Each structure stands twice: as structure tokens, then as C-alpha cells.
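Please read the structure below before turning to the comments.
For reference, positions follow the sequence shown, starting with 1. None of the values given here were measured: they were computed from a predicted structure. All ligand and atom numbering here is 1-based and tracks the order in the structure.
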Amino acid sequence: MIKYKNIKNAHIKSDLIYRDLYETSIKDSDLFWKKISNRVDWFMKPKKISDVDFKTAKIKWFQDGQINASYNCLDRHINNGYGDKVALIWEGNNPDHDKKFTYKQLLCEVSKFANVLKSHNIKKGDRVCIYMQMIPELTIAMLACARIGAIHSIVFGAFSSDSLRDRINDLNCKVVITQDSGVRGTKIDIPMKCNVDKVIKNSECVQKVFVVKRTDFKIHMKNQFDFWWHKEMNCASNICEPEIMNSEDPLFILYTSGSTGTPKGVLHTTGGYIVYSSYTHEIIFDYQPDDIYWCTADIGWITGHSYIVYGPLSNRATTVMYEGVPNYPDFGRFWQIIQKHKVNIFYTAPTALRALMKEGNAYVEKWDRSSLKLLGSVGETIKKPEWEWYYKIVGEEKCPIVDTWWQTETGGILISPLAATTKLKPGSATKPFFGINPVILNEKGEEIKENPAEGLLAIKNSWPGQMRTVYGNHDRFFDTYFSQFSGYYFTGDGAKRDKDGYYWITGRVDDVLNVSGHRLGTAEIEGAIGQYKDVAEAAIVGFPHEIKGEGIYAYVTLMTGIKPNLKIEEGIINKVREVIGPHANIDKIQFSIGLPKTRSGKIMRRILRKIAHNKLNDLGDISTLADPTIVEQLIKYRK
Ligand code: WT7
């Protein structure tokens with residue numbers, strides 16, 4: 001068992017306490033969550049706790065409660081006398097560039113921008129698209145939306161203008177908030193505003209664009225349409241009463257990829273989400289009042305929403321937000337930041353650890369990491385080599401690692417160790433959090449009750465942070481998560497449960513890739529490849545990749561008469577980067593005269609996956625293929 005520095009003060013001090021509380025949380029879930037819901041301030045306390053029916057995908061929490069998320073992240077702490085506590089430490093791309101905001105200062109900025117939005121006629125329920133890099137104004141813009149009840153939809157700053165367009169149109173966003181250009185590592189001119197301009201040209205919904213000046217990058221500002229953030233802020237009042245929201249009013253929408261179709265707008269509501277992100281943040285990271293907490297995720301993903309902004313700020317934490325990349329100015333940047341701000345809790349992704357690990361220990365050891373008490377991991381299974389390195393080199397064998405399993409859909413962490421009490425097993429996310437009842441199902445949807453078990457991971461009950469719907473398409477919500485196995489939320493992941501009841505996530509069982517912790521749908525990538533003029537057909541599978549965890553392997557069939565060459569290969573790669581974004585970078589392209597299809601025309605991805613994984617002896621039954629000879633071809637020209 002790891003010696004945990006904070007064992008005496010830990011929120012959960014013993015396994016007995018965990019087991020007791022866990023049992024209560026499952027047995028009388030409403031009573032449990034009623035108590036927990038008191039951790040936040042309500043304008044009207046909820047009497048009704050949960051109202052859930054997985055058969056119709058109806059999920060409501062605290063529905064008669066009234067609340068405001070920004071009030072809970074800001075005003076509440078100031079009213080309690082903590083206005084001068086640092087809320088946000090922003091670390092810029094360059095090591096000598098940082099800014100700090102106390103809770104009072106942050107509230108002042110948030111209120112001002114909320115008033116700017118109001119003065120431009122943005123109201124409760126309007127959708128606001130935020131397309132920014134990791135600058136403080138991003139956090140300010142989110143909380144300003146929450147303050148007035150506008151629904152924010154953040155589009156990760158690396159997404160291309162095509163992806164941005166789809167998301168803006170799907171939601172009918174009235175405004176976009178962006179910056180002139182983005183700064184990350186050696187790149188100082190990521191064309192944020194230019195990307196927005198490309199979208200806006202033919203947009204029917206966007207009426208206004210707000211632009212933060214981050215650089216001196218030259219951009220075009222259209223009169224009465226594009227507004228500089230700083231100019232608008234100059235004349236805005238710093239008092240803005242928070243809108244009284246119903247618990248089930250939407251807080252935000254965030255897109256995520258699925259196995260089919262276009263990305264889904266995952267909708268989270270206010271009361272349940274704030275309760276869940278705040279509670280999990282405090283307990284799982286064992287957050288104590290003076291801790292400095294840093295999550296390296298981008299706010300463009302759910303991890304940043306829940307564990308840079310809403311969770312930490314609702315807990316009156318000091319949260320670090322970093323603009324740059326792990327390898328700028330060199331591979332020691334993370335550890336330099338930890339020393340500089342005396343970070344106690346550090347939360348990152350295995351893909352970042354792998355990239356840093358291979359550069360050697362000197363980059364880590366150069367900096368003082370004695371402030372650290374706890375390390376976290378998220379996004380994919382943390383495998384033994386990077387676990388050991390994180391534990392021994394980064395944490396100097398003094399910090400437990402919480403391997404947190406969750407999803408955009410879950411709003412917060414569902415399976416994770418607790419720092420002071422859980423005996424860790426590298427590679428296992430260990431045990432369910434309070435109120436979470438995971439099950440392992442077999443293909444028929446029957447629960448495997450005994451241990452060990454292996455199968456599909458589903459959740460048998462609801463929790464306050466669960467997504468409520470796919471924006472504009474409740475049927476799709478039901479079909480994706482509740483139709484396969486009646487009465488369960490199906491996660492899309494496979495998992496094992498060992499003899500001690502520990503969960504081991506084995507990865508997606510659907511056609512979703514996890515590339516550097518980013519979720520990408522195969523259908524999305526195939527669609528993008530299909531936009532390249534010479535392509536007849538494409539199929540995508542993942543393959544093991546040293547740094548990214550999973551790489552993208554593309555099988556491409558060209559139009560009759562077109563011969564593959566380097567130019568086409570590059571063209572396809574660039575097309576996908578252009579349509580989705582540079583994080584969707586194809587690693588291998590194999591041109592092929594055809595794809596393995598059943599007689600009914602369905603591509604047998606299983607075979608393509610086996611070939612990409614180089615598991616050639618284990619192709620399974622190929623007799624149902626329309627043309628089995630294709631397989632020989634594919635094996636012969638394997639990349
Ligand atoms: C998928 C969700 C929510 C965090 C960021 C990703 C995989 C996430 C773990 C973990 C093994 C993990 C799963 C999940 N995943 N955390 N600790 N161990 N796998 O959010 O983009 O919604 O992806 O990421 O496959 O389904 P996301």
C-alpha cells in the first residue's frame with residue numbers, strides 16, 4: 001500500500017468507510033444524493049431527487065431545484081469570505097508569462113462579459129459557440145454564459161472550420177466567441193478568427209462574433225458584426241445578477257464522436273452536473289482547501305469542463321490552466337510549472353506521459369516536485385510502463401495514482417481509486433465511485449455476477465452527472481445508449497472485473513478510436529477521406545501506436561483507372577486534417593483494389609483490424625465474404 005501524505009486528513013480515510021458509504025449510496029440513492037446536493041447553494045432546494053427511466057431515456061435530477069452554476073463557482077465563495085483567494089492561475093505558452101485571478105477578480109470579469117452578452121441580446125437558452133485556445137477568457141466566457149443561462153458549446157481549438165461549421169449549424173448558434181490567433185508551443189499563428197470567418201460567410205444563424213486579442217496576428221474585423229472583447233468589456237458594468245435556472249435547464253452541449261453518423265451534441269444540465277462534478281473533484285482528487293490543482297486537459301474536452309472549470313471552482317479550489325504544450329520550450333515544461341506554482345494535485349493523460357517518458361528522466365528530475373501529493377490519469381488505460389514511470393520518477397513513490405474512468409456522456413468520473421484507501425493495481429481503474437453501479441454484461445445482455453468477469457461495461461443506475469439527451473435528437477440518445485440492453489446505460493467499452501472486484505477497461509467495443517485520448521469516429525474519418533476526389537471508398541481501423549495509444553490505419557480504394565502515388569497519399573492525409581482537424585492525422589494508408597465485404601455489402605472491419613494489428617493467423621471465418629481473395633491482397637500489401 002502506498003503511503004499517502006494526506007492520509008490523516010483524507011476525505012475518505014478507510015476502506016471500511018468507502019464500503020459503508022458505497023453500500024448506502026446504492027441502496028438508498030435518493031437519500032444519498034439529497035445529502036450530497038447540499039454541498040452547493042440552491043436558490044430553491046430540490047425536494048424531488050431523481051426521476052429516471054432508462055426504458056424511455058428520461059433522466060431528471062433535482063428537478064424542482066433552482067440554481068446557477070456561475071453563482072456556485074464564484075459569488076458563493078466571495079460571500080463566504082474567500083474573495084481574495086486565487087481561483088485561476090493561468091500559465092501562458094512562454095514560461096515567463098502568467099496571470100492570477102482571485103475569486104473576486106474572476107467574478108468581476110465574468111459579470112462584465114455576461115453584461116456584454118446581454119447587451120447584444122443573448123438570452124437564457126440561446127446557444128453560444130466558444131472556439132478558443134486555452135486563455136483565461138475561455139473560462140470567463142463559459143461562466144458568463146452560465147451566469148445568464150445561455151448554453152455554451154465549446155469547440156476544441158484544433159478543430160478545422162468544417163467541423164466548427166457543423167457544430168455551429170447543428171445548434172443554431174447566435175454568436176461565436178474566439179480569439180485573433182492561437183499560441184501553442186512554437187506555433188504563434190493558429191488561425192482561430194480566420195477559421196471562424198470561413199464558417200460565417202454562409203452562416204444563417206450567427207449574428208455576432210466576439211474576438212479576444214491574444215496576439216498581433218492581422219485579422220479582418222467586420223463592422224457591426226465582429227466585436228473586440230476588450231472594447232466591449234471597457235464599458236460593461238461589473239454587476240450582473242445570476243439568472244435563476246431550473247436544475248434541469250441545459251448548462252452546456254459538447255460534441256463527441258460515436259460509431260455512426262455525425263458527432264452527437266451531448267447535453268448536460270445544471271443542478272445534477274454541478275453537484276456531480278464538484279463532489280467527484282473533491283473526493284477523488286482529495287482536494288483540500290489550500291491545494292493547488294492542475295489538470296492538463298484542454299477545456300475543449302469534457303475533462304476540462306468538469307475538472308478545470310466547474311468541479312474545482314465550485315469547490316473553491318485554485319485551478320491551473322495552461323496554454324501551451326508539454327514539450328515547449330522543452331520536455332520539462334510540465335515539471336517546471338509544478339515547481340513554479342507548487343502544484344499538489346496533477347491530472348494528465350497516458351499519451352502525454354508516454355511522450356515525455358521517452359525523453360528520459362533528466363527533464364523531470366531538474367525540477368522540484370515535492371509539492372505533489374496525488375497524481376491522476378484519464379483518457380485511456382494507463383499501462384504498466386507509464387504507470388511505473390509516473391509513480392516512481394514523477395511522484396518519487398510518494399503519490400498515489402488515481403486512474404479515472406469516465407466519458408463525455410457521464411459528466412464526471414465513475415470508476416476510480418480513492419487516494420488514501422484503495423490498494424492500487426497498475427492498469428485498473430479499480431472501484432466504482434459512490435452512487436455508481438457498474439455491471440459486466442455478456443453479448444446477450446445478461447449480467448455476469450461472479451468474479452472474474454469479462455464482457456461489456458454498462459451502468460445499472462443513474463447519477464446526477466449523466467447526460468440528458470443528444471441535442472435535438474432524443475431518439476438517437478435512446479438508440480445509442482439504452483436500446484442494446486434494456487434497463488442499462490451502455491458505455492461502449494469492454495471491461496474485466498477481477499477476483500477482487502476491480503474493473504479493468506479493455507477499450508471500445510464499437511467503431512470509435514481513441515487517438516491520444518481524443519475520441520474519433522471511424523465513420524467521420526471515412527467521410528472525410530471520401531471527400532478527396534480520387535477516392536472511391538475507405539475503411540478505418542485503429543492499430544497500437546507507441547505514443548498515441550491508438551493510431552489511424554486507412555484502407556483506401558481509388559476510382560477506377562487512378563494509380564496510387566505519394567501525392568494522392570498526402571492529399572488524403574491533408575484532406576482529413578482539413579475536414580476534421582490536425583489531431584485526426586492518418587498514420588498509415590494502404591491502397592487496395594477492394595475492401596473485404598459480406599455479400600450484403602457490409603465491410604468486415606474485424607478482418608481489417610486483424611490485418612492492421614498484424615494478427616494474421618487469427619482472421620476468423622472469411623467464408624461469408626463476397627470475394628475472399630481480397631484478403632490475400634490486403635495481407636500482402638500490409639503497411
Ligand atoms: C472513452 C471516453 C472523460 C475523459 C476523457 C475521454 C476511454 C477514458 C479511461 C480510463 C481506460 C478510458 C474509454 C471511454 N477512457 N478514461 N481511465 N481507462 N479507458 O472522454 O472522449 O468521452 O472518451 O475514453 O474508452 O469510453 P471521451
Side-chain angles (χ1 to χ4, degrees), residues 154 156 158-159 252-259 263-268 273 276-277 280-281 284-285 295-308 310-311 347-354 375-384 386-387 390 401-417 422 424-433 436 438 456-459 463 465-467 470 480-481 489-497 502-521 524 542 548-550 581 583-584:
I154 303 183
F156 176 48
F159 273 118
F252 67 85
I253 294 161
L254 183 61
Y255 282 82
T256 194
S257 301
S259 41
K264 300 180 282 272
V266 169
L267 185 132
H268 284 284
Y273 175 81
Y276 198 74
S277 57
T280 48
H281 172 261
I284 292 168
F285 299 106
C295 163
T296 70
D298 193 291
I299 294 179
W301 305 106
I302 190 71
T303 311
H305 282 61
S306 302
Y307 298 118
I308 296 178
Y310 288 113
Y347 189 31
T348 196
T351 182
L353 295 174
R354 284 193 298 269
L375 301 170
S377 169
V378 63
E380 60 182 298
T381 298
I382 173 165
K383 289 182 220 70
K384 201 133 192 186
E386 58 261 25
W387 196 97
Y390 203 19
I401 298 175
V402 294
D403 174 357
T404 62
W405 176 87
W406 59 298
Q407 309 177 298
T408 305
E409 293 88 337
T410 68
I413 297 162
L414 299 198
I415 304 181
S416 170
T422 314
L424 301 176
K425 299 189 190 184
S428 168
T430 76
K431 299 273 191 151
F433 188 67
I436 306 299
L456 306 167
L457 181 65
I459 315 291
W463 61 98
Q466 188 170 22
M467 76 181 279
V470 170
T480 311
Y481 305 103
Y489 164 76
F490 177 48
T491 65
D493 277 341
K496 295 179 191 173
R497 193 176 50 223
Y502 277 48
Y503 286 85
W504 302 73
I505 309 299
T506 51
R508 304 287 309 190
V509 294
D510 52 9
D511 295 326
V512 171
L513 307 189
N514 186 335
V515 179
S516 302
H518 298 322
R519 203 151 129 182
L520 289 167
E524 242 175 302
K548 301 192 216 174
E550 200 160 26
H583 57 297

Measure the distance from atom 11 (C) of ligand 1 to every protein heavy atom, then report the residue, atom name and distance (to 0.1 Å) of the closest one. T381 N, 3.1 Å
Check: of W406, W504, W301, min heavy-atom distance to atom 8 (C) of ligand 1 comes from W406
Flag the pair I302 / W406 as yes when at least one side-chain heavy-atom distance between them is below 4.5 Å, and no otherwise. yes
Does an N or O anywhere in T491 fall below 3.5 Å from an N or O of ligand 1? no
4.5 Å side-chain heavy-atom contact, F252 and L267: no
Under 4.0 Å between a Lys/Arg side-chain N and an Asp/Glu carboxylate O for K264 and E524? no
Atom 5 (C) of ligand 1: which protein heavy atom is closest, and how many Å away? T303 OG1, 3.5 Å
Note: ligand 1 atoms sitting under 4.0 Å from heavy atoms of I505 are 11 (C), 19 (N)
With only distance considered, is T408 within less than 3.5 Å of ligand 1 through an N or O on each side? yes
For N514, atoms of ligand 1 separated by under 4.0 Å from a heavy atom: 7 (C), 24 (O)
Going by side chain to side chain contact (heavy atoms under 4.5 Å, CB included), Y347 matches just one of T303, I284, V402. Which one? T303
Taking the side chain as every heavy atom from C-beta outward, state whether W405 and Y503 have any atom pair closer than 4.5 Å. no
Give yes or no for whether the N/O distance cutoff of 3.5 Å, strictly under, is met between T404 and ligand 1. yes
So, for T381 and P350, which heavy atoms are closest and what is the spacing to 0.1 Å? O-CG, 4.0 Å
For atom 10 (C) of ligand 1, the closest protein heavy atom turns out to be E380 O, 3.5 Å
Can you tell me if K425 has over 12 outside heavy atoms packed within less than 6.0 Å of its NZ? yes
Looking at E380 and R354, is there a salt bridge between them, counting it only when a charged N and a carboxylate O are closer than 4.0 Å? yes
Which of the numbered atoms in ligand 1 are under 4.0 angstrom from any heavy atom belonging to I302? 3 (C)
Heteroatom distance test (D403, ligand 1): nitrogen or oxygen, under 3.5 angstrom: yes
With a cut-off of 4.0 Å, which atoms of ligand 1 are near a heavy atom of R519? 2 (C), 21 (O), 22 (O), 23 (O), 27 (P)
When you measure from the side chain of T491 to the backbone N and O of D493, does any donor-acceptor pair fall under 3.5 Å? yes
Quick check: does G379 get an N/O under 3.5 Å from an N/O on ligand 1? yes
Atom 4 (C) of ligand 1: which protein heavy atom is closest, and how many Å away? V378 CG2, 3.3 Å
What residue and atom, counting heavy atoms only, is the protein's closest point to atom 13 (C) of ligand 1, and at what distance? D493 OD2, 3.0 Å
Quick one, F433 and L414 - any side-chain contact, counting heavy atoms below 4.5 Å? no
